[in-house]
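Comments concern the structure below.
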Amino acid sequence: MPVGDTPVRGWRSILFIAFMSLFVVLFVTFALLLIAADALYIDWASVLKVMRSGYIGHALWMSLWTSATTVVLSVIFAIPMGYVLSRYRFPGHIIADSIVDLPIVFPPLVVGLTLLVFFTQTPIGRWIERSGIEFVFQPKGIVLCQFVVAASFAIRAAKSTFDEVDRRLENVALTLGCTQWGSFRRVSLPLARNGIIAGAILTWARAFGLFGPLMIFVGSFRGRTEVLSTTIYLEQSVGHIEEALAVALLLVAIALFCLITIRLVGGRSVRL
Amino acid sequence: MPVGDTPVRGWRSILFIAFMSLFVVLFVTFALLLIAADALYIDWASVLKVMRSGYIGHALWMSLWTSATTVVLSVIFAIPMGYVLSRYRFPGHIIADSIVDLPIVFPPLVVGLTLLVFFTQTPIGRWIERSGIEFVFQPKGIVLCQFVVAASFAIRAAKSTFDEVDRRLENVALTLGCTQWGSFRRVSLPLARNGIIAGAILTWARAFGLFGPLMIFVGSFRGRTEVLSTTIYLEQSVGHIEEALAVALLLVAIALFCLITIRLVGGRSVRL
Amino acid sequence: MIRAENITFRAGAFKLQRACLDVRRGEYFVLLGPPGSGKTLFLEALCGLRRLDTGRFFIDGREVTALEPRDRFVGYVPQDYALFTHLTVEGNIRFGLKAQGIDWEEATRRVDEVADQLGIRHLLQRRIPGLSGGERQRVALARALVVRPKVLLLDEPVSALDESTREAICGELRRVHKQFEVATIHVSHHLEEAFSVADRAGLLRNGVFQQIGTLAELLQKPVNTFVAGFMRCQNILSARVVDRHDTAAGVTVAVGRLRFDLPDAPRGDVQMVIRPERIRLLRKEQDRPTGSICFPAGIRNVTDRGVYLRIELDASFPLVAHLSPESAAELPLHPGTDLTIAIRPECVHFIGC
Amino acid sequence: MIRAENITFRAGAFKLQRACLDVRRGEYFVLLGPPGSGKTLFLEALCGLRRLDTGRFFIDGREVTALEPRDRFVGYVPQDYALFTHLTVEGNIRFGLKAQGIDWEEATRRVDEVADQLGIRHLLQRRIPGLSGGERQRVALARALVVRPKVLLLDEPVSALDESTREAICGELRRVHKQFEVATIHVSHHLEEAFSVADRAGLLRNGVFQQIGTLAELLQKPVNTFVAGFMRCQNILSARVVDRHDTAAGVTVAVGRLRFDLPDAPRGDVQMVIRPERIRLLRKEQDRPTGSICFPAGIRNVTDRGVYLRIELDASFPLVAHLSPESAAELPLHPGTDLTIAIRPECVHFIGC
């Protein structure tokens, strides 16, 4: 459906388009105002101070490695899960599919609480905690939180790109001598690459900006489980709005980087 | 591409499928464990107590009306914006499109902070606050926060369903005597209905579970700006895990309701 | 009825150039062309769905160039019909009447009338997804015709149907055309289809009209080799006029090593078109028909195409003839056999004449 | 070479039922049928892409029913070719060789060889998206042939191409078939296409084979009215054998108010098929050819289809004849004119014989 074919229009049509466009103008103006407010209010001295602060450096490092780990884990799960959910129908398919959807509509805070309950109140959880792999109030817990909240985005993205890979391509690969694994690795996976990347970036953005569940599951201990989002809250709650904004700037810079990467990598073929 | 056409498979293929399915089993098992943990740990006495608590009743009411308002506002913006972004190419189209995407990859916490900065630090924001329409630390602020964070989901969903409505259907409507408004109202809008509903439900889920930005922009004042997600945090932070879980149960019930509604309303045509 | 004057516009990389067309009242016009030649774009422009760079459209004597689609009163059936899947069959047909504000009783009367005429009365309460291709086509036709358009524009109306029903549906299109007395433009890339419906036809290529005329004209008197090729003429021969007589004998033409006389021909090097079904084959010992151009030729290859035989001949230049199975029964058709070829002079056409 | 015994399986609501087929070494077999008749499903099952409920497949004498697709050595070209868009043309062709672990030099040699044979050497470094339909088709063929399959399975190989190039590509398919000496099954719903390539053909309908044989057999001796209709025979007449002679004269058959003698016919009420291009028309005063069935008929309608004339006749029952333009030139063809019809007895076929 080519865009840009313009029918002959009278004044009523033009009025209609103008009315519809009004909402775009309103929304975009408001968003630009907000961005401008942030930009104007940035106090570069605070930014420098924040940059040099050891605590915040640690929080940045924590944010980066936890979210990176989450993305890697998510992709490891997303590729086979997306493929299986896309290609095969099995008993319980709809249950698996719904469980993947759950974290997308679930309040993230509930995920944090659920994890807390699981690891502190159930025998299995307590056994895991006691066996030395501690999660509660630990950096590892950050990854777990992020994974549970954000992996669904990677899985869903993988599933829908595998849905779009024509099955006949795999069929041809099978007749040409490939095993199922071969046709997956040499045909479906390369063709689904962009979608998987888009899913990974969405997962990263979600993991990177996570806040609520972390407050519940790992807390916000300076220098231990503090990530950038917790920092913003902590700084702001003691009245350091300039510092909070400076940290937010970091987050935003990274979010923008994500968005641009998606557009560059995927062009139109990558859907958020 | 029909699913379910099964090629003849040898043991290697079956092994491959088994390996891939392993990840599904792992993920689903873990998710079910978490759900089971919640279910087992629920203390029905606390649930009853929570249900009867006036504060929590107020928080529930706040959660419901703010999120409902947000959804209505979002849909009002989503329908024209989705249509304009899908059908027309104009200077700045890519900017508008990117701005719609921003809140999806942005950390929500930053949205809260940005709103706070805008309304407390910029002249325009302060003028709005002074003119009587207060947002900061006000229930109205909850709606604003939710709208900024969640409206993008509705807009994007509307845009992609309008993308899928064949333009030739509108063209035929035009030749049959419809104005542009008529062809929009009588053809495109009914055909995009399911997608718009799915977008609205996603928006609602997001708004309903919002937590971080609310803590910054409106705070958590018992009986005034407290919503269910804030309640969970507050209860949990003073050690009332049972009560927090009881509230979470409410949230989850509503989230599940959303998910089921999407499936029922949309069938396969509605994509999350 | 429909008049296009110098229509020019772009759509992406494609350009429709200075298209002129005249379709008369009650005429059934077929717009031919290979895929991507701009047939659909032309139709859309006529509907007002694309803005022109230059040129003017007239419908029923009124200029419509600047009018919105809804003010042009065209009945448009796009490819694959574009039915409204959220409405029933009745809702689809009623759509235009509702949009034009016709009251409910009158609309019902007209919906029933057109449904009867197209034999889809029993489908009215059905939903679109369950309909067959032929049923969809009728519904789309009914939806376009119920608003009593001045012209009917059909974009590949039968290409979504399977071959066995095409013939029947084409017959029905002709019938509908007659019954509703509406000038029709039918877009197609299929030659057989054109023959089964067209009064006149035009052939588009890369946005430029190549030839407009009756199908017999396009078939027997193509203006260029593209038209000849599109009409599936395999015999496009390079010839040269070697002698011009003052007498009634006309000119002598050379093709390959062969020379023969024709009443007239253009000067110099020319291209000659002979339709394969116009070539007669005779046994060597048979009498040569008077008035025909006769020359010997050897059979190179024979393939049975079921409804005809395709015979590749060598007459110092390659020639293809199509023979009906009945004519073939009387001939010795083995590769290597020598035969006599007879062509009536009026079946030889020079490109550019 | 390819043998299918009682193949039965379901795919959704569709069922392929007890399909039997034998394709001989070096044969070019065309699998015909309307859309949705199960042609593609049959091909996929033969490739091992669908599991059978019952039945067995043999390729080259070896039973392959339980083998994975990769162990069957079939060259499969699905509809629209399904080229790997993430690879270059060379990557596509090399794909199968890589999957089978053939070393790089040998693979390169074979890729170049097959690219030369199909005339796509110059395309090797190109990406798929820019290729034309014909080029894609050649690349898909090369990809299938380079692994030296025992059979070649083509699913609607030319339906994505526009009409003017189909003829040429079909010729090329025949050439490739001969050159690589590989048994070929070519799926099509297009009759003309079948005639231009097939040695033998089979006609599927709703998952059941109707008739398998040469195209001439399908054309002239259809086993039922569906086959006759699919082969576009318009004259399917209800007849009755009214008299059976002991002499050589055979039987007397009644159609409409007409009676004539034939050498043989089945008993009782039968259906009779006469191909429209087998009907000869003579002027009333012309001599009736001996040995032919002759009877008078009036012309009801004449339509020029360009390459032939379609003549609707009334001989107390409706009859359609196709005439070549050359034969038509000698006849007075106006509606209402009375003519004599001549049909050779061997051109009359009874369904079920």
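FYI, side chains are in, hydrogens and waters are out, and symmetry mates aren't considered; it's all heavy atoms of this structure. Below, read A as the first sequence line, B as the second, and so on, with proteins coming before strands; counting in each chain starts at 1.
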Item to complete: Counting only heavy atoms closer than 4.5 Å, note whether V117(A) contacts chain B via side chain, backbone, both or neither.
Response: side chain
Worksheet entry | Side chain / backbone / both / neither for F208(B) at chain A, heavy atoms under 4.5 Å | neither
Worksheet item: Side chain, backbone, both or neither: which part of A151(A) has an atom under 4.5 Å from a heavy atom of chain B?
Response: side chain
Discussion item. Please determine whether the number of non-hydrogen atoms from other residues, nucleotides or ligands lying under 6.0 Å from atom CZ of F90(B) exceeds 12.
Written reply: yes
Response to the item:
Of V28(A), I241(A), V252(A), the largest count of non-hydrogen pairs under 4.5 angstrom with chain B goes to V252(A)
Worksheet item: Can you say whether S13(B) sits under 4.5 Å from chain A via the side chain, the backbone, both, or neither, judging by heavy atoms?
Response: both
Item to complete: Tell me, for Y41(A) versus chain B, whether the close heavy atoms (under 4.5 Å) come from the side chain, the backbone, both or neither.
Response: side chain
Worksheet item: When heavy-atom pairs shorter than 4.5 Å are enumerated against chain B, which of V100(A), I35(A), I232(A) gives the highest number?
Response: I232(A)
Worksheet entry | Validation row: Y233(A), L113(B) side chains within 4.5 angstrom (heavy atoms) | no
Worksheet item: Side chain, backbone, both or neither: which part of L22(A) has a heavy atom under 4.5 Å from chain B?
Response: neither
Practice prompt. Under 4.5 Å, counting heavy-atom pairs only, tell me which of Q236(A), M215(A), R206(A) racks up the most with chain B.
Written response: Q236(A)
Practice prompt. Tell me, for L116(A) versus chain B, whether the close heavy atoms (under 4.5 Å) come from the side chain, the backbone, both or neither.
Written response: side chain
Discussion item. Below 30° counts as parallel, above 60° as perpendicular, anything between as tilted: where do the rings of W181(A) and F16(B) land?
Written reply: tilted
Worksheet item: Which pair of heavy atoms, one from S229(B) and one from L109(A), lies closest together, and at what distance?
Response: O-CD2, 2.9 Å
Worksheet entry | Pairwise distance CZ(R89(B)) to OG1(T6(A)) - rounded to 0.5 angstrom | 13.5 Å
Worksheet entry | Closest-packed option against chain B by number of heavy-atom pairs under 4.5 Å, given T114(A), V84(A), V110(A), T122(A) | T114(A)
Discussion item. If you define the side chain from C-beta out and look only at heavy atoms, does anything of L174(B) sit under 4.5 Å from P7(A)?
Written reply: yes
Worksheet item: Taking it one step at a time, do F23(B) and I76(A) satisfy side-chain contact (heavy atoms from CB on, under 4.5 Å)?
Response: CA-CA 9 Å; F23(B) 289 89; I76(A) 289 174; 3.7 Å; yes
Worksheet item: Picking from A244(B), P80(B), G209(B), G125(B), which has the most non-hydrogen pairs under 4.5 angstrom with chain A?
Response: P80(B)
Practice prompt. Please tell me if the side chains of Q180(A) and R12(B) come closer than 4.5 Å, counting only heavy atoms from C-beta onward.
Written response: no
Discussion item. As a quick check of understanding, evaluate side-chain contact (heavy atoms from CB on, under 4.5 Å) for Q121(A) and L40(B), giving each step before the final call.
Written reply: CA-CA 10 Å; Q121(A) 311 290 344; L40(B) 290 174; over 6 Å; no
Worksheet entry | Which portion of F77(B) sits near chain A, non-hydrogen atoms under 4.5 angstrom | both
Practice prompt. Name the region of L15(A), side chain, backbone, both or neither, that has any atom closer than 4.5 Å to a heavy atom of chain B.
Written response: neither
Practice prompt. Check each atom of V148(A) against the heavy atoms of chain B and say whether the ones under 4.5 Å are side chain, backbone, both or neither.
Written response: side chain
Discussion item. Taking CD1 in I95(B) as the centre, count heavy atoms belonging to other residues, nucleotides or ligands within less than 6.0 Å. Is the count above 12?
Written reply: no
Item to complete: Anything under 30° is parallel, anything over 60° is perpendicular, the rest tilted; go ahead and classify F30(A) against F118(B).
Response: perpendicular
Practice prompt. Can you tell which part of F147(A) gets under 4.5 Å to a heavy atom of chain B, answering side chain, backbone, both or neither?
Written response: side chain
Discussion item. Heavy-atom pairs under 4.5 Å with chain B: which of I216(A), I124(A), L245(A), L251(A) has the most?
Written reply: I216(A)
Item to complete: Enter the distance from F184(A):CZ to I17(B):CD1 here, rounded to the nearest 0.5 Å.
Response: 12.0 Å
Item to complete: Answer whether the closest heavy-atom distance between the side chains of Y88(B) and M20(A) falls below 4.5 Å.
Response: no
Item to complete: Pick whichever of A205(B), A36(B), G219(B) has the most heavy-atom pairs under 4.5 Å with chain A.
Response: A205(B)
